[in-house]
Amino acid sequence: MALVTTKEMFEKAYKGGYAIGAFNVNNMEMIQAIVEAANELRSPVILQVSAGARKYANPVYLKHLVEAAVATTDIPIAMHLDHGADFESCKSAIDSGFTSVMIDASSKPWEENIEITRKVVEYAHARGVVVEAELGKLAGVEDDVCVEASDAMFTSPDEVQEFTSRTGIDSLAIAIGTSHGAYKFKPGQDPKLRLDILEEIGKRLPGFPIVLHGASSVPQDKVAIVNQFGGSMPDAIGIPETELTKAAHMAVCKINIDSDLRVAFTAAIRKHFAEHPDHFDPRQYLGDARAMMKELVKHKIVNVLGSAGKADE
Ligand code: G3H
Ligand code: 13P
Ligand code: ZN
């Protein structure tokens, strides 16, 4: 199957009360881990690429690696630009074959956010590509931008109708308590999503797909492996997976996960070298990293997203 947009995935996810995982990719092993997991569970999946990933891996490599993954399976796969910073980066992704882009002008003033977003929508829609945009501000680090918790802002339900109708976007990322990165909350805190805001947004935008960024839950078993084998990740917790599942039953159709994948990948590599200090063949430790990431993606699909088996519906 060729790459698809998220349009049909989201329609089905909205109606079915589940969400599609959007997993960040940076290299071949990550793409394989995610696609193999999704394929075995027959789940649609979104592979997303940040500006940092494009800089690291070279956009041409990433595009061809994703195409190679697509050739190995018949599940629906979308290739999405994560946090496009401006019109030019969205245009470049669209021109190179992405089927979905995010324009993230959420830090810009209201009218500017609308203007940039609408320009991206015009360009994208003319080429059959769908667009995600964001209202509200998440705390945490994405690329080189760091938003302090005190500057984070929940999305206002009063703004969503005007924003979506004036821009023509296909999905909307909102801030309801998630945040980027692996150090979201301290142990003992009881992080909850503002599901009341999500519910209100759902009422204002019936049938419209909502996106959650910063949805890593910081897997404590994987952090423990990192720290057992020489790492020193601080004690931290993320959004409980049960909260994310509740959101998936509501209007949330796309859930972004990056940090948890990174922790799993790193945990496996640290463990590998601790157990085999003589190894120097990258296939040995990257193979372990791929396997641990695949297991984590399967866990998310089954226990958080609810998208297993949906590729065939
Ligand atoms: O939201 C940001 C993603 O986790 C991507 O991170 O910009 O370091 O690739 P990155
Ligand atoms: P996490 O850092 O919580 O994995 O969020 C990833 C994300 O939102 C990518 O856009
Ligand atoms: Zn994000």
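All ligand and atom numbering here is 1-based and tracks the order in the structure. All values derive from a computational prediction rather than experimental measurement. All residue numbers refer to positions in the sequence shown, counting from 1.
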Enquirer: Could you list the atoms of ligand 1 found under 4.0 angstrom from a heavy atom of His83?
Expert: 1 (O), 2 (C)

Enquirer: Which bit of Asn256 is near ligand 1, meaning a heavy atom under 4.0 Å away: side chain, backbone, both or neither?
Expert: neither

Enquirer: Please answer: with hydrophobic residues joined when any side-chain heavy atoms are less than 4.5 Å apart, are Met292 and Ile301 in the same cluster?
Expert: no

Enquirer: N/O to N/O below 3.5 Å, does that happen between Asp258 and ligand 1?
Expert: yes

Enquirer: Below 4.0 angstrom from a heavy atom of Ser259, which ligand 2 atoms are there? Numbered from 1 as shown, please.
Expert: 1 (P), 2 (O), 4 (O)

Enquirer: From atom 3 (O) of ligand 2, work out which of His180, Lys184, His213 has a heavy atom at the shortest distance.
Expert: Lys184

Enquirer: If only side-chain N and O atoms count, and only distance matters, is there a donor-acceptor pair under 3.5 Å linking Arg54 with Ser92?
Expert: yes

Enquirer: Rounded to the nearest 10 degrees, what's the angle NE2 of His180 makes with NE2 of His83 at the Zn ion (ligand 3)? Could you check?
Expert: 100°

Enquirer: Under 4.0 Å from ligand 2, counting heavy atoms only, is it the side chain of Ala182, its backbone, both or neither?
Expert: neither

Enquirer: Using heavy atoms and a threshold below 4.0 Å, how should the contact between Ala22 and ligand 2 be classified: side chain, backbone, both, or neither?
Expert: neither

Enquirer: What about Ile257: any of its N or O atoms under 3.5 Å from an N or O on ligand 2?
Expert: no

Enquirer: Look up atom NZ in Lys300 and atom OG1 in Thr245, then write down how far apart they are to the nearest 0.5 Å.
Expert: 9.5 Å

Enquirer: Which atom name would you report as the N, O or S atom of His213 nearest the Zn ion (ligand 3)?
Expert: ND1

Enquirer: Which of the atoms of ligand 2 are close to His83, meaning less than 4.0 Å from one of its heavy atoms?
Expert: 10 (O)

Enquirer: Decide whether an N or O pair under 3.5 Å exists between Asp260 and ligand 2.
Expert: no

Enquirer: Quick one: which ligand 1 atoms are inside 4.0 Å of a heavy atom on Asn24?
Expert: 3 (C), 5 (C)

Enquirer: If hydrophobic residues (ILVMFWY) are linked whenever their side-chain heavy atoms come closer than 4.5 Å, directly or via other members, who joins Met102 in its cluster?
Expert: none

Enquirer: Indicate whether any N or O donor in one side chain lies under 3.5 Å from an N or O acceptor in the other, for Asp82 and Ser50.
Expert: no

Enquirer: Ignoring angles and geometry beyond distance, decide whether Asp258 reaches within less than 3.5 Å of ligand 2 through its nitrogen or oxygen atoms.
Expert: yes

Enquirer: Against heavy atoms of Asn24, which atoms of ligand 2 measure under 4.0 Å?
Expert: 9 (C)

Enquirer: Hydrogens and angles aside, do Gln161 and Arg204 bring a side-chain donor and acceptor to less than 3.5 Å of each other?
Expert: no

Enquirer: Phe208 versus Ile201: any side-chain heavy-atom pair under 4.5 Å?
Expert: no

Enquirer: Run the contact test for Met102 against ligand 2 with a 4.0 Å cut-off on heavy atoms, strictly below, and give the result.
Expert: no

Enquirer: Which other residues belong to the hydrophobic cluster containing Val226, where Ile, Leu, Val, Met, Phe, Trp and Tyr are joined when side-chain heavy atoms lie under 4.5 Å apart, directly or via other members?
Expert: Tyr183, Val218, Val223, Met233, Val263

Enquirer: Below 3.5 angstrom, do we get any N/O pair linking Arg262 and ligand 1?
Expert: yes

Enquirer: Are Tyr285 and Phe273 close enough that their ring centers fall under 6.0 Å?
Expert: yes

Enquirer: NZ of Lys271: more than 12 outside heavy atoms within 6.0 angstrom?
Expert: no

Enquirer: Between Glu132 and His213, do the side chains contain a donor N or O and an acceptor N or O under 3.5 Å apart?
Expert: yes

Enquirer: Looking only at heavy atoms, is any part of His213 under 4.0 Å from ligand 1, and if so is it the side chain, the backbone, or both, or is it neither?
Expert: neither

